[in-house]
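Order of listing sets the numbers, starting from 1, for every ligand and every atom in it.
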Amino acid sequence: MNAKRVLVAYGSKHGATAGIADEIGKALRADGIDAVVLPADTVTDVSGYDGVVLGGALYAGRWNGKARRCARRNAGQLRGRPLWLFSSGPVDSSAERRDIPPVPGVARRMKKLGAREHVTFGGAVTAETSGRIAQSMVRHGKGGDFRNPTRVQAWAHHIGNELSTPH
Ligand SMILES: Cc1cc2nc3c(=O)[nH]c(=O)nc-3n(C[C@H](O)[C@H](O)[C@H](O)COP(=O)(O)O)c2cc1C
């Protein structure tokens, strides 16, 4: 049997979400899946993939625009295939302590596209993050890297399992 092909697309402004997408891609490849990781704004055709994982950074309660537009642009093809969504957001440990539901826009998109699941992962704002608000957060001790590779990998392996099992 040929390896399943999966696209991991991400909408990231400062790189934290790209890092999560890379981690997902690596874990899927370790499961024997042919995973391709791409910035969401470059995705124009998902017809060649057996499944898609689409993630976006959260800014002011919304998914990053590149993830939103990717979902809209590819809606027709996304609807017909296994789809998982994730958000990268909280710059604290809240995503570790409880399941954080999707923001309303992502919840609507999830329903429209028939996505199987959504997960919120902790995000990152660090001294390297550009932007006035980000730098002010760091100065006031409100920054940090709350991404948890172990949790991200576990979710990716769960996706790998689902793809290998008839739905
Ligand atoms: C200006 C600004 C607004 C943000 N708004 C939210 C928000 O509404 N909800 C949330 O969970 N995280 C919020 N965050 C945290 C980011 O989502 C988090 O840092 C994310 O991992 C950034 O991803 P990126 O580096 O891929 O752009 C915000 C961060 C900044 C700097």
Side chain to side chain contact (heavy atoms under 4.5 Å, CB included) partner of Asn74, the single match among Leu54, Val52, Leu83, Val43: Val43

Value rounded to 0.5 Å, distance of CD in Glu23 from CG in Asn148: 9.5 Å

Spacing of Ser94 atom OG and Asp99 atom CG [to the nearest 0.5 Å]: 11.5 Å

Ligand 1 atoms in contact with Ala57 (distance to a heavy atom under 4.0 Å): 22 (C), 23 (O), 24 (P), 26 (O), 27 (O)

Gln77 (side chain) donor-acceptor with Val46 (main chain) under 3.5 angstrom: yes

Donor + acceptor pair across side chains of Glu128, His14 (<3.5 Å): no

Nearest candidate to atom 15 (C) of ligand 1, where distance is taken over non-hydrogen atoms, out of Gly123, Ala67, Gly131, Gly89: Gly89

Heteroatom proximity flag, Ala16 to ligand 1, N/O under 3.5 Å: yes

Identity and distance of the protein heavy atom lying nearest atom 20 (C) of ligand 1: Ser88 OG, 3.4 Å

Atom 1 (C) of ligand 1: nearest protein contact (heavy atom, Å): Ile133 CG2, 3.7 Å

Per atom 14 (N) of ligand 1, closest listed option by heavy atom (Val125, Val91, Leu58): Leu58

Any side-chain donor near an acceptor of the partner, Arg132 and Ser136, under 3.5 Å: no

Arg5/Asp34 salt bridge by N-O under 4.0 Å criterion: yes

N or O contact, Gly61 vs ligand 1, cut-off under 3.5 Å: yes

Lys13: numbered ligand 1 atoms lying under 4.0 Å from its heavy atoms: 24 (P), 26 (O), 27 (O)

Nearest neighbour in protein (non-hydrogen) for atom 19 (O) of ligand 1: Ala124 O, 2.8 Å

Student check: side-chain heavy atoms of Ser88 and Arg147 closer than 4.5 Å: no

Atom 27 (O) of ligand 1 [closest protein heavy-atom partner, distance rounded to 0.1 Å]: Tyr59 OH, 2.5 Å

Any N or O of Ala60 closer than 3.5 Å to N or O of ligand 1: yes

